[in-house]
Amino acid sequence: MDSVRLRLIYDGEGPLKWGRAPGTFGMQDKDGRLQLGLQGEAGEAVFDVTLQVKAGKSEELVLLGSFAHGPPGGRFLYLAWAEENGTLAQRLKIPLGGINWNDVRDSIEQQKPVVGLLVDHHPRVTSTGANIGGSRLVSWRVL
């Protein structure tokens, strides 16, 4: 089974309500563990993961692996912020639907990751003070 490397770059502040303790922000795997990112040149968080690829029933791209959440036709990554006690402060869904077979082929041929950039400089809270999570669209491409 082939695999593809993904790089997600998060340029943001994180949730408004979060303790900001070391080791409490990362990409969440299916077991709920956080993979910490590396710090980029401008202070952004950089996450590298490898996912397996296969063709679905209609030959559509299906991404598999410990960081690929959701149903086969609607996979996504989770960025998660936790408190020191382990409770989640916020999670963001990063849809992978923008990645296609051409991206996978280009990534493998060029030996470069498919890269997505998420700029999130305006975190918000609800009227009750809860962080606003949800989905954040990302454009994926091989650089």
Side-chain angles (χ1 to χ4, degrees), residues 1-56 60-143:
M1 184 178 302
D2 284 329
S3 60
V4 63
R5 292 184 304 137
L6 303 182
R7 174 170 290 156
L8 178 64
I9 301 169
Y10 176 77
D11 181 3
E13 306 298 321
L16 291 173
K17 306 251 183 199
W18 169 50
R20 301 187 189 283
T24 58
F25 166 58
M27 187 174 291
Q28 184 179 352
D29 70 10
K30 289 180 180 176
D31 292 328
R33 293 182 302 247
L34 298 181
Q35 173 187 312
L36 306 180
L38 300 175
Q39 186 170 357
E41 293 177 18
E44 70 277 14
V46 179
F47 300 93
D48 289 306
V49 296
T50 299
L51 298 178
Q52 290 73 45
V53 297
K54 74 171 191 172
E60 75 278 7
L61 175 67
V62 177
L63 298 166
L64 306 162
S66 60
F67 292 96
H69 300 271
R75 296 278 199 239
F76 57 89
L77 303 173
Y78 268 133
L79 283 184
W81 292 261
E83 299 298 348
E84 285 186 88
N85 66 7
T87 61
L88 286 176
Q90 182 184 53
R91 284 196 309 190
L92 295 179
K93 286 183 180 180
I94 313 301
L96 297 172
I99 301 172
N100 59 45
W101 281 112
N102 289 333
D103 296 325
V104 170
R105 281 189 282 277
D106 289 348
S107 172
I108 292 169
E109 287 173 10
Q110 297 176 33
Q111 297 183 7
K112 293 181 178 180
V114 180
V115 179
L117 171 64
L118 173 57
V119 178
D120 189 31
H121 287 278
H122 302 288
R124 301 171 313 232
V125 294
T126 65
S127 60
T128 64
N131 291 307
I132 296 176
S135 290
R136 300 291 191 277
L137 293 179
V138 171
S139 293
W140 296 97
R141 60 190 174 134
V142 178
L143 299 178

Just do the side-chain contact (heavy atoms from CB on, under 4.5 Å) check on V104 and D2 with the steps written out, would you? CA-CA 9 Å; V104 170; D2 284 329; 5.7 Å; no
Residues forming a side-chain contact (heavy atoms from CB on, under 4.5 Å) with S66, sequence neighbours excluded: D29
Measure the spacing between OH of Y10 and CG of L92 and express it to the nearest 0.5 Å. 6.5 Å
With sequence neighbours left out, write down each residue that passes side-chain contact (heavy atoms from CB on, under 4.5 Å) with L143, or none if nothing qualifies. V115, R141
Under 3.5 Å, side-chain donor or acceptor atoms of residues 69-85 against the rest of the protein: list the pairs with distances, not counting sequence neighbours.
unit_1	atom_1	unit_2	atom_2	d
H69	NE2	Q28	O	2.9
R75	NE	L63	O	2.6
R75	NH1	G70	O	2.3
Y78	OH	R91	NH2	3.1
E83	OE1	G19	N	2.9
N85	OD1	T87	N	2.9
N85	OD1	T87	OG1	2.9

Least distance between heavy atoms, L61 atom then I99 atom: CD2-O, 3.4 Å
Who pairs with W140 by side-chain hydrogen bond (donor to acceptor under 3.5 Å, both in side chains), at least two apart in sequence or on another chain? none
Step through the shown structure and confirm whether more than 12 heavy atoms of other residues, nucleotides or ligands are within 6.0 Å of NZ on K54. no
Pairs where residues 14-25 contributes a residue and the test side chain to side chain donor-acceptor pair (under 3.5 Å) is met, not counting sequence neighbours: W18-T24
For E44, check side-chain hydrogen bond (donor to acceptor under 3.5 Å, both in side chains) against everything at least two apart and list the hits. none
When you compare the side chain of L6 with that of L8, does any pair of heavy atoms fall below 4.5 Å? no
Please name all residues satisfying side-chain contact (heavy atoms from CB on, under 4.5 Å) with H121, sequence neighbours left out, ordered by chain then number. D11, E13, V119
Please list, chain by chain and in numerical order, all residues satisfying side-chain contact (heavy atoms from CB on, under 4.5 Å) with S139, sequence neighbours excluded. none
With sequence neighbours excluded, what pairs up with R7 under the side-chain hydrogen bond (donor to acceptor under 3.5 Å, both in side chains) test? D48
Considering all heavy atoms, the nearest N131-A89 contact: ND2-O, 3.2 Å
Can you tell me which residue pairs pass the ring-ring contact (aromatic ring centres under 6.0 Å, His included) test with a partner in residues 29-49, sequence neighbours excluded? F25-F47
Nearest heavy-atom neighbours spanning F67 and Q35: CZ-OE1, 3.2 Å
Side chain to side chain donor-acceptor pair (under 3.5 Å) contacts in which one or both residues fall within residues 103-118, not counting sequence neighbours: N102-R105
Report the distance from atom CD1 of I108 to atom OG of S3, rounding to the nearest 0.5 Å. 6.5 Å
Can you see which heavy atom on G23 is nearest to which on L34, and at what distance? O-CD1, 4.3 Å
Any residue meeting side-chain hydrogen bond (donor to acceptor under 3.5 Å, both in side chains) with T126, in chain and number order, not counting sequence neighbours: T128
